[in-house]
Number of protein chains: 2
Amino acid sequence: MATRTRRSQRRTDALSRERIVEAAVELLDTAGESGLTFRALTERLATGPGAIYWHVANKDELLAAATDAVVTAAVTVGSAAGAPQSPSDRSDGPHESDGPGESGTPASPQDGIRVVALGLFDAIVRHPWLATQLATQLSRSPWGTVTPRIFESIGQRVRALDVPESSWFTVTSALVHYVLGAAGQNAVNGAIGRALPPGVDRAGFLDSVSTAWEELDPDEFPFTRAVADQVRGHDDREQFLDGIDLVLAGITATHNRQDGPDSTPRAQE
Amino acid sequence: MATRTRRSQRRTDALSRERIVEAAVELLDTAGESGLTFRALTERLATGPGAIYWHVANKDELLAAATDAVVTAAVTVGSAAGAPQSPSDRSDGPHESDGPGESGTPASPQDGIRVVALGLFDAIVRHPWLATQLATQLSRSPWGTVTPRIFESIGQRVRALDVPESSWFTVTSALVHYVLGAAGQNAVNGAIGRALPPGVDRAGFLDSVSTAWEELDPDEFPFTRAVADQVRGHDDREQFLDGIDLVLAGITATHNRQDGPDSTPRAQE
DNA sequence: ACCTGAACACCGTTCAAGT
DNA sequence: ACCTGAACACCGTTCAAGT
């Protein structure tokens with residue numbers, strides 16, 4: 001169901017780091033984290049393991065490169081077309097393109113943050129292995145390229161908010177942390193339809209979670225049982241944006257109480 | 001440097017799922033994620049792989065059990081002593097005990113949230129493998145025990161806030177997402193002193209990150225370069241709590257504008 | 001400089017056999 | 001019911017050899 005282009009019979013045209021990373025991403029998307037092996041990779045690229053090791057140091061580096069490629073595409077605004085125009089026009093389900101373009105309307109900083117955040121959110125839904133990889137990559141080496149890239153794309157919008165410079169780091173960190181936490185947890189949604197038995201769709205899935213929560217021990221889990229029903233009909237992207245808005249509201253409440261026309265609230269339907 | 005108790009020469013006293021999970025956690029803490037193998041486990045427990053498989057279905061289940069054990073300890077408030085009394089008395093470095101006890105003062109809901117959040121934060125710093133495992137566990141199966149446990153402990157405090165019941169799920173989710181994202185990214189700190197060459201301490205580590213950020217491409221990373229210096233001296237726990245406060249401020253700003261004496265702001269030094 | 005592919009060490013898991 | 005340990009299939013990685 002993924003890409004139909006390019007099959008295995010292409011021994012011609014030279015191997016390259018780029019092609020290897022591309023194949024790795026496809027393999028991860030198709031077969032999941034455990035599906036990325038050097039044997040599967042050699043087969044798909046019609047070569048031997050030694051050839052891959054000539055271009056890539058080891059599996060960790062390959063995973064880092066795959067993560068970086070996908071994150072860069074997701075976070076680079078203003079490139080591709082056909083992406084979410086504005087976070088106000090809510091549409092269900094993940095989008096198709098890999099980069100959110102800011103076609104047209106010069107958005108407010110808040111909307112810019114929402115667009116970037118949604119771009120990452122959708123990328124993780126499309127590539128569920130990103131959730132784990134991001135956690136690995138970010139916690140292992142903040143000196144890598146992935147962390148600064150995410151940080152930069154959010155931070156540039158924070159700078160446009162009227163937050164004192166001394167708070168830039170803290171505010172941007174808070175936003176990035178929320179986005180990564182939320183997107184990570186919602187990686188399940190990408191796995192629905194892939195891993196789940198066909199016939200069980202998203203509604204059925206939410207229903208099963210809701211039911212499972214309702215059957216928890218009443219003494220240990222009173223709150224979780226109480227909200228179990230709210231799980232049933234909720235929209236993940238909607239909830240994700242509500243969380244962003246909560247943080248944005250906190251930022252304006254904290255940093256410019258007396259001042260300006262605080263924030264541009266999203267259109268509420 | 002971890003536990004000095006119990007060595008390998010204890011063939012007596014029966015094997016049990018509990019002892020296996022305990023050994024797994026120790027192995028993960030000591031040798032990292034790649035250090036947990038069935039061979040290392042059999043050696044430590046002085047047994048064969050078959051014995052372990054009698055108590056545990058496979059490695060995934062073992063990892064899930066280890067995660068659940070640590071998270072439960074971290075999130076269960078009111079058990080152990082010697083834990084962070086109140087998030088206001090800031091102390092540097094991770095705490096020793098595994099559960100944050102709420103000894104004494106009946107805290108505000110806000111403080112309760114801060115205590116639980118810090119408990120999770122510290123647990124991830126102490127057990128860096130938790131970051132990856134949490135991402136794996138949560139995104140794979142919200143019907144597991146780990147998600148509800150975290151959700152419940154935060155949610156019970158949210159209920160004590162005066163947030164309309166219809167927003168309980170969204171608000172709690174936002175908090176949980178922030179906590180997991182922030183704690184996950186800060187798992188590095190647990191690795192400092194373990195993985196890093198001795199002689200490079202925390203200050204040196206932050207310094208190296210800051211320097212790396214300062215050397216990024218000025219065209220691609222203007223913002224990241226601008227805040228690079230703020231990285232140098234910052235306190236992770238402090239910044240983590242500042243983020244929590246941002247979300248809490250957003251919650252009160254959004255949900256009870258006209259009403260009560262909005263939130264109890266932390267003492268700012 | 002780039003690629004081949006056999007070989008190595010190690011891993012998770014199974015299972016007939018013991019008690 | 002619980003444990004033993006040899007065996008199996010598979011994995012990441014290496015390296016002498018080719019072009």
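Since this is a predicted model, take the numbers as computed values, not measurements. So you know, we letter chains A, B, ... as the sequences are listed, proteins then strands, and number each from 1.
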With both distances under 3.5 angstrom, what nucleotide forms a Watson-Crick or G-U wobble pair with dA1(C)?
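Its partner is dT19(D) (Watson-Crick or G-U wobble, both distances under 3.5 Å).
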
Which base, if any, makes a Watson-Crick or G-U wobble pair with dT13(C), both distances under 3.5 Å?
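dT13(C) is paired, partner dA7(D).
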
Please report the distance, rounded to the nearest Å, between [atom1] in [X] and [atom2] in [N].
| X | N | atom1 | atom2 | answer |
| --- | --- | --- | --- | --- |
| Asp60(A) | dG12(D) | CG | P | 11 Å |
| Leu41(A) | dC11(D) | CG | C1' | 13 Å |
| Ile52(B) | dG5(D) | CD1 | P | 13 Å |
| Arg19(A) | dC3(C) | CZ | P | 10 Å |
| Leu63(A) | dT13(D) | CG | C1' | 15 Å |
| Glu43(A) | dG12(D) | CD | C1' | 17 Å |
| Glu61(A) | dG12(D) | CD | P | 15 Å |
| Tyr53(A) | dT14(D) | OH | C1' | 9 Å |

Charged N to carboxylate O under 4.0 angstrom, Arg17(A) versus Glu61(A)?
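Yes.
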
N-O pairing of Arg225(B) and Asp217(B) below 4.0 Å:
no

Give me the ring orientation class for Phe240(A) and Tyr178(A): parallel if the planes are under 30° apart, tilted from 30 to 60°, perpendicular past 60°.
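Parallel, since the angle between the ring planes stays under 30°.
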
Please tell me if Trp54(A) has a side-chain N or O lying less than 4.0 Å from either OP1 or OP2 of dC3(C).
no

Would you say the side chain of Ile124(A) lies within less than 4.5 Å of the side chain of Leu134(A), judging by non-hydrogen atoms?
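With C-beta onward as the side chain, the pair touches.
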
Name the residue closer to the 5' end of DNA chain D, choosing between Phe38(A) and Ala51(A) according to the nucleotide with the nearest heavy atom.
Phe38(A)

Any idea which of [options] is nearest the [X] side chain?
| X | options | value |
| --- | --- | --- |
| Thr37(B) | dC2(D), dT4(D), dC11(C) | dC11(C) |
| Lys59(A) | dG12(D), dC3(D), dG12(C) | dG12(D) |
| His55(A) | dC3(D), dT13(C), dC3(C) | dC3(C) |
| Pro49(A) | dC3(C), dA6(C), dC11(D) | dA6(C) |

Answer with yes or no after comparing the ring centroid distance for Trp213(A) and Phe151(B) against a 6.0 Å cut-off, counting only values under it.
yes

